**Student:** 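Got a structure here, written out as structure tokens. Questions coming.
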Amino acid sequence: TFSQISRGSGVTCSSASTGISGTGFNGTLASNISNSRWYLISITSNASTTFTLSAISIKSQVSNSGGSPNVSVQYSIGGSTPTNVIGSFTPTGSSASNNVNPGSAISVGASQTLNIYIIPNNLNAAGTTCRIENNTSITVTTTPVCNAPTTQLSIGTLSSTVNSMTIPVTAGNGNARLVRFNTAAPSLSPADGTVYTAATSYATAATEQTVMAGSGNSVTVTNLVANTVYYYKAWEYNACSGSPKYNTTSAPSGSFTTL
């Protein structure tokens, strides 16, 4: 959610038909910050989205460009005062676009607010206006938040031969399934952010092995020994672009004996 440009409490209003204008910016940068003499733009992410800010273009002008006028652009994530500098520009007496881009993209998490402070300072007189015009623009890129699935998978009826076992899986509401396999009950609890590599040929007895990690609905494990008990445990997860999130609640597990 983008807010409209607003004035800080220390700014004296001034009329402007093409943007927002004010006076009182003749103090130093430190003084103007201390007295809330700034313009403010806020961007708030929702609970399911993060975003990054990569560029700002501010269209601005002052009524008198005498002296050493400056506009500092700063930000905070949350809070009510600026804490980080993005950059600055020198305003002129005619309308001009000024690109003020961060050295690296500013990352904002879900349900957070990015406050951008545009702080005119050192204008030549208290009555000198600084106007921020309507076609000021900010470039952001949004990314959906990837969370663990809320519905766990389930395991169907297993079947086996002398040296193989098929484990059918009914998906939960994630996009992938993890199945671990062993000759003893699997003890691993998958860790968020960890990618597990699957191999369906069971390699070594008494060694816990991932036999499924992906979007399938069944897995057949081979290279088993006849008349032997094998154990499994399974979890639903979202792959999350290489940083998986696992549902570890009530993960189904069980055992089966080969023929």
Side-chain angles (χ1 to χ4, degrees), residues 1 43-53 105 107-113 140-259:
T1 301
I43 310 171
T44 302
S45 57
N46 61 28
S48 60
T49 307
T50 64
F51 70 88
T52 57
L53 181 150
S107 298
V108 181
S111 300
Q112 290 187 322
T113 296
V140 300
T141 302
T142 60
T143 303
V145 172
C146 188
N147 294 313
T150 55
T151 303
Q152 187 62 274
L153 56 73
S154 60
I155 300 297
T157 302
L158 280 68
S159 60
S160 73
T161 67
V162 170
N163 56 13
S164 70
M165 182 181 298
T166 297
I167 305 171
V169 178
T170 300
N173 63 348
N175 59 23
R177 268 62 63 195
L178 177 73
V179 179
R180 300 277 290 182
F181 194 83
N182 199 357
T183 51
S187 59
L188 174 139
S189 182
D192 285 349
T194 301
V195 176
Y196 299 92
T197 301
T200 57
S201 177
Y202 186 57
T204 306
T207 300
E208 190 169 331
Q209 178 176 317
T210 297
V211 294
M212 182 179 184
S215 58
N217 55 17
S218 71
V219 58
T220 298
V221 186
T222 60
N223 198 34
L224 305 183
V225 177
N227 196 32
T228 301
V229 179
Y230 292 92
Y231 297 80
Y232 66 87
K233 193 169 185 178
W235 302 262
E236 186 81 357
Y237 71 97
N238 281 320
C240 297
S241 301
S243 184
K245 297 290 181 68
Y246 297 90
N247 181 341
T248 57
T249 301
S250 301
S253 60
S255 62
F256 203 81
T257 304
T258 51
L259 299 178

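Please read these numbers as outputs of a predicted model, since none were measured by experiment. Sequence positions, counted from 1, serve as the residue numbers for this chain.
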**Student:** Can any side-chain N or O of Asn175 pair as donor or acceptor with the backbone N or O of Ala239 at less than 3.5 Å?
**Tutor:**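 At least one qualifying donor-acceptor pair exists.
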**Student:** Return the minimal non-hydrogen interatomic distance between Ser243 and Gly193, and the atom names on each side.
**Tutor:**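 In this case the closest contact between Ser243 and Gly193 is OG-CA, 3.7 Å.
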**Student:** For residues 185-211, which residue pairs pass the ring-ring contact (aromatic ring centres under 6.0 Å, His included) check, not counting sequence neighbours?
**Tutor:**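 Of all non-adjacent pairs touching residues 185-211, those that pass ring-ring contact (aromatic ring centres under 6.0 Å, His included) are Phe181-Tyr202, Tyr196-Tyr246, Tyr202-Tyr230.
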**Student:** Out of the candidates Val162, Leu224, Asn163, only one should pair with Thr258 under the side-chain contact (heavy atoms from CB on, under 4.5 Å) rule; please name it.
**Tutor:**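 That would be Leu224; it is the only one of Val162, Leu224, Asn163 passing the side-chain contact (heavy atoms from CB on, under 4.5 Å) with Thr258.
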**Student:** With side-chain contact (heavy atoms from CB on, under 4.5 Å) as the criterion, how do Trp235 and Thr248 come out once you've worked through the C-alpha distance, each side chain's angles and the decisive distance to 0.1 Å?
**Tutor:** CA-CA 6 Å; Trp235 302 262; Thr248 57; 4.3 Å; yes
**Student:** Under 4.5 Å between any side-chain heavy atoms of Val169 and Val219, yes or no?
**Tutor:**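 Contact flag for Val169/Val219 side chains = no.
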**Student:** What distance separates Thr49 OG1 from Gln112 CD, expressed to the nearest 0.5 Å?
**Tutor:**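 Atom-to-atom, Thr49:OG1 and Gln112:CD are 12.5 Å apart.
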**Student:** Is there side-chain contact between Thr197 and Thr210, with at least one heavy-atom pair below 4.5 Å?
**Tutor:**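 Sidechains of Thr210 and Thr197: no contact.
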**Student:** Going from CG on Leu259 to CG on Asn227, what distance comes out if it is rounded to the nearest 0.5 angstrom?
**Tutor:**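 Here the interatomic distance stands at 9.0 Å.
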**Student:** Apply the test side-chain contact (heavy atoms from CB on, under 4.5 Å) to residues Val140 and Ile43: give CA-CA distance (whole Å), side-chain angles for both, the deciding distance (0.1 Å), then the verdict.
**Tutor:** CA-CA 10 Å; Val140 300; Ile43 310 171; 4.2 Å; yes
**Student:** Check whether any side-chain heavy atom of Thr170 sits under 4.5 Å from a side-chain heavy atom of Ser154, and report yes or no.
**Tutor:**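 Touching, per the 4.5 Å side-chain cut-off.
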**Student:** So Pro252 and Lys233, do their side chains get closer than 4.5 Å, heavy atoms only?
**Tutor:**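 A side-chain contact under 4.5 Å is absent here.
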**Student:** Would you check if the side chain of Thr151 reaches a backbone N or O of Asn173 as a donor-acceptor pair within less than 3.5 Å?
**Tutor:**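 No, Thr151 side chain to Asn173 backbone: no donor-acceptor pair under 3.5 Å.
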**Student:** Shortest non-hydrogen contact from Ala213 to Ala198?
**Tutor:**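 Taking Ala213 first and Ala198 second, the nearest heavy atoms are N-CB, 3.7 Å.
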**Student:** Ser45 side chain to Ser111 main-chain N or O, any donor-acceptor pair under 3.5 Å?
**Tutor:**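 Answer holds: yes.
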**Student:** Are side-chain heavy atoms of Val221 and Ser164 found at a separation under 4.5 Å?
**Tutor:**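 The answer is no; the side chains never approach within 4.5 Å.
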**Student:** At what distance, to the nearest 0.5 angstrom, does CZ of Phe256 lie from OG1 of Thr166?
**Tutor:**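 One finds 9.5 Å between CZ of Phe256 and OG1 of Thr166.
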**Student:** Measure the OG1-CG distance between Thr204 and Asn182 for me, rounded to the nearest 0.5 Å.
**Tutor:**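 Rounded to the nearest 0.5 Å, the OG1-CG separation comes out at 10.0 Å.
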**Student:** Below 4.5 Å, heavy atoms only, C-beta onward: do Thr194 and Pro244 meet side chain to side chain?
**Tutor:**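 Not touching, per the 4.5 Å side-chain cut-off.
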**Student:** When rounded to the nearest 0.5 angstrom, what is the spacing between CG in Asn238 and CG in Asn247?
**Tutor:**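 Spacing of CG (Asn238) from CG (Asn247) equals 9.5 Å.
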**Student:** Would you say the side-chain atoms of Glu236 pair up with the backbone N or O of Gly172, donor to acceptor, closer than 3.5 Å?
**Tutor:**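 Checked: pair present.
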**Student:** Would the distance check show the side chain of Gln152 and the main-chain N or O of Thr249 forming a donor-acceptor pair, the cut-off being under 3.5 Å?
**Tutor:**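 Checking the backbone N and O of Thr249 against the side chain of Gln152, a donor-acceptor pair under 3.5 Å is found.
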**Student:** Quick one: are Ser255 and Tyr232 in side-chain contact, heavy atoms under 4.5 Å?
**Tutor:**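 Counting from C-beta outward, Ser255 and Tyr232 never come under 4.5 Å.
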**Student:** Does the side chain of Ser215 come within less than 4.5 Å of Arg177's, by heavy atoms?
**Tutor:**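 Heavy-atom side-chain distance check passes, below 4.5 Å.
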**Student:** Within this structure, what is the OG-CG distance for the pair Ser218 and Leu158, rounded to the nearest 0.5 Å?
**Tutor:**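 Ser218 atom OG to Leu158 atom CG measures 10.5 Å (nearest 0.5 Å).
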